[in-house]
Amino acid sequence: MSKETQNSENKSDVYEGIEKASSVIAENARESIQCLSIVGQIEGHYALPEGQKATKYEHLIPLLVSIEESDQIDGLLVILNTMGGDVEAGLAIAELISSMRKPAVTLVLGGGHSIGVPLAVSGKRSFIVPSATMTIHPVRVSGTLIGAPQTYHYFEEMQDRIVKFICDHSRVAEEELRRLLMRADCLANDIGTVIDGEEAVRCGLIDEVGGLDSALSALREMIRNFQGTNTNVN
């Protein structure tokens, strides 16, 4: 096989990974980093309409498992620009990222709204660019509902699980987070809060304001520490 043919096949594999799972492996002489982007709406048990950008959780879950088990990948960079979506699917992805042993850093670009908030805090370090925003609001559902106390009890339990996850993986106080969730003077058609990058760091939701360079620098440092720890153990 010629070098040109091999390069062409390698590029084809890269583009296929980007197209199917919005993911690519960035390699250099020091480390290999999997870059995963979560964009549009997170698709769960029901398919979204044609023409709507979606991140499919059935693609991401096996991909995250393969990243954790791969000897060729040293760390994970998750880039977020999501409007939210399926609550259970988004929380499942966040739980998977947070439970990885390998270093994982999240970076919010554009937006990390709704169930995107747990995803934004799921890494071992989190970053947000100054112009990005995060919308924090209670769990809601569209469509027909059964008007029974059990329905509202389910919503309350789901909200408690999300709040616990966010508080466990960030520095935000539960009281402050619930205040932001229930604020009535910020959103025109709903309760909740929109915060920008500086505010997200100030309230303890995100670790640091920074862009790609900051996120990659932090991830590289975490990879070196992780590799050093494993070497000492072995």
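Throughout, numbering of the chain's residues begins at 1 and tracks the sequence.
For the pair Ile206 and Met134, the minimum side-chain heavy-atom distance is below 4.5 Å. Between Leu205 and Leu180, every side-chain heavy-atom pair lies at or beyond the 4.5 Å cut-off. With contacts defined as side-chain heavy-atom distances shorter than 4.5 Å, the pair Cys167/Leu177 qualifies. Within the 4.5 Å cutoff, side-chain heavy atoms of Gln34 are placed close to those of Leu63. Residues Val172 and Val121 are not in side-chain contact: their nearest non-hydrogen atoms beyond the backbone lie 4.5 Å or more apart. Looking at heavy atoms from C-beta onward, Val163 lies in side-chain contact with Leu181 at the 4.5 angstrom threshold.
Of all the heavy atoms in Ala94 and Ser122, the pair that sits closest is O-CB, 3.5 Å. For the pair Ile195 and Ala200, the tightest heavy-atom approach, listed with the atom from each and the gap, is CD1-CA, 3.7 Å. Between Gly192 and Cys186, the shortest heavy-atom distance links the atoms O-CB, 3.4 Å. The shortest heavy-atom contact between Ser114 and Met83 is CB-O, 3.9 Å. Scanning all heavy atoms of the two residues, the minimum distance from Ala120 to Val108 falls at CB-CG2, 3.7 Å. Heavy atoms only, all atoms of each residue included: Val209 and Pro130 are closest at CG1-CG, 3.7 Å.
The side chain to side chain contact (heavy atoms under 4.5 Å, CB included) check on Lys56 picks up Glu43, Glu58, His59, with sequence neighbours excluded. Here His137 pairs with nothing under the ring-ring contact (aromatic ring centres under 6.0 Å, His included) rule; sequence neighbours left out. Checked against side chain to side chain contact (heavy atoms under 4.5 Å, CB included), Glu88 has the following partners two or more places apart in sequence or in another chain: His45, Asp86, Tyr154, Met158. Under the rule for a side chain to side chain contact (heavy atoms under 4.5 Å, CB included), the partners of Ile191 that lie at least two apart in sequence or sit in another chain are Pro138, Met182, Ala184. By the side chain to side chain contact (heavy atoms under 4.5 Å, CB included) test, Ala104 is found to be paired with Leu76, Ile97, residues two or more places apart in sequence or in another chain being considered.
Under the 4.5 Å side-chain contact rule for hydrophobic residues, Leu219 and Val129 share a cluster. Using a 4.5 Å cut-off between side-chain heavy atoms of Ile, Leu, Val, Met, Phe, Trp and Tyr, with links allowed through other members, Leu91 and Phe155 fall into the same hydrophobic cluster. Hydrophobic clustering, with ILVMFWY side chains joined whenever heavy atoms are under 4.5 angstrom apart, groups Phe127 together with Ile223. Tracing side-chain contacts under 4.5 Å through hydrophobic residues (I, L, V, M, F, W, Y), one never reaches Leu60 starting from Leu107; they form parts of separate clusters. In the hydrophobic clustering of this structure, Val201 does not group with Val105; members are Ile, Leu, Val, Met, Phe, Trp, Tyr whose side-chain heavy atoms approach within less than 4.5 Å, directly or through other members.
In this structure, Ile146 shares a hydrophobic cluster with no other residue, the cluster being traced through Ile, Leu, Val, Met, Phe, Trp and Tyr side chains under 4.5 angstrom apart.
Annotation: ring pair (Phe, Tyr, Trp, His ring centres under 6.0 Å) contacts involving residues 167-193, sequence neighbours excluded, comprise Phe165-His169. Note on residues 149-159: no pairs pass salt bridge (charged side-chain N to carboxylate O under 4.0 Å, His left out), not counting sequence neighbours. For residues 128-139, the set of pairs meeting the salt bridge (charged side-chain N to carboxylate O under 4.0 Å, His left out) definition, not counting sequence neighbours, is empty. Among residues at least two apart or in separate chains, side-chain hydrogen bond (donor to acceptor under 3.5 Å, both in side chains) pairs with a member in residues 206-224 are Glu31-Arg220, Arg125-Glu208, Ser126-Asp207. A side-chain hydrogen bond (donor to acceptor under 3.5 Å, both in side chains) check over residues 180-189, counting only residues at least two apart or in different chains, returns the pairs Arg183-Asp185. Applying the side-chain hydrogen bond (donor to acceptor under 3.5 Å, both in side chains) definition to pairs two or more places apart or across chains, those involving residues 64-75 are Asp74-Gln227.
The side chain to side chain contact (heavy atoms under 4.5 Å, CB included) with Leu36 is formed by just one residue from the set Thr55, Leu64, Ile79, Leu77; it is Leu64.
Separation of atoms CD (Glu174) and CG (Asp160) is listed at 7.5 Å; rounding is to 0.5 Å. Interatomic distance, CG of Leu187 versus CD1 of Ile136, reported as 10.0 Å (0.5 Å rounding). One distance of note links CG of Asp196 with CD1 of Ile128; it measures 7.5 Å at 0.5 Å rounding. Between the CZ atom in Arg202 and the CZ atom in Arg171 there is a gap of 12.0 Å [rounded to 0.5 Å].
No donor-acceptor pair under 3.5 Å is formed between the side chain of Thr135 and the backbone N or O of His113. With hydrogens and angles disregarded, a donor-acceptor distance shorter than 3.5 Å links the side chain of Asn81 to the backbone of Gly111. Checked by atom type and distance alone, the side chain of Gln159 pairs as donor or acceptor with a backbone atom of Val139 at under 3.5 Å. At least one donor-acceptor pair under 3.5 Å links the side chain of Lys102 to the backbone N or O of Ile73. Checked by atom type and distance alone, the side chain of Thr82 pairs as donor or acceptor with a backbone atom of Gly40 at under 3.5 Å.
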Q. Taking it one step at a time, do Leu119 and Ile42 satisfy side chain to side chain contact (heavy atoms under 4.5 Å, CB included)?
A. CA-CA 11 Å; Leu119 287 163; Ile42 298 162; 3.2 Å; yes
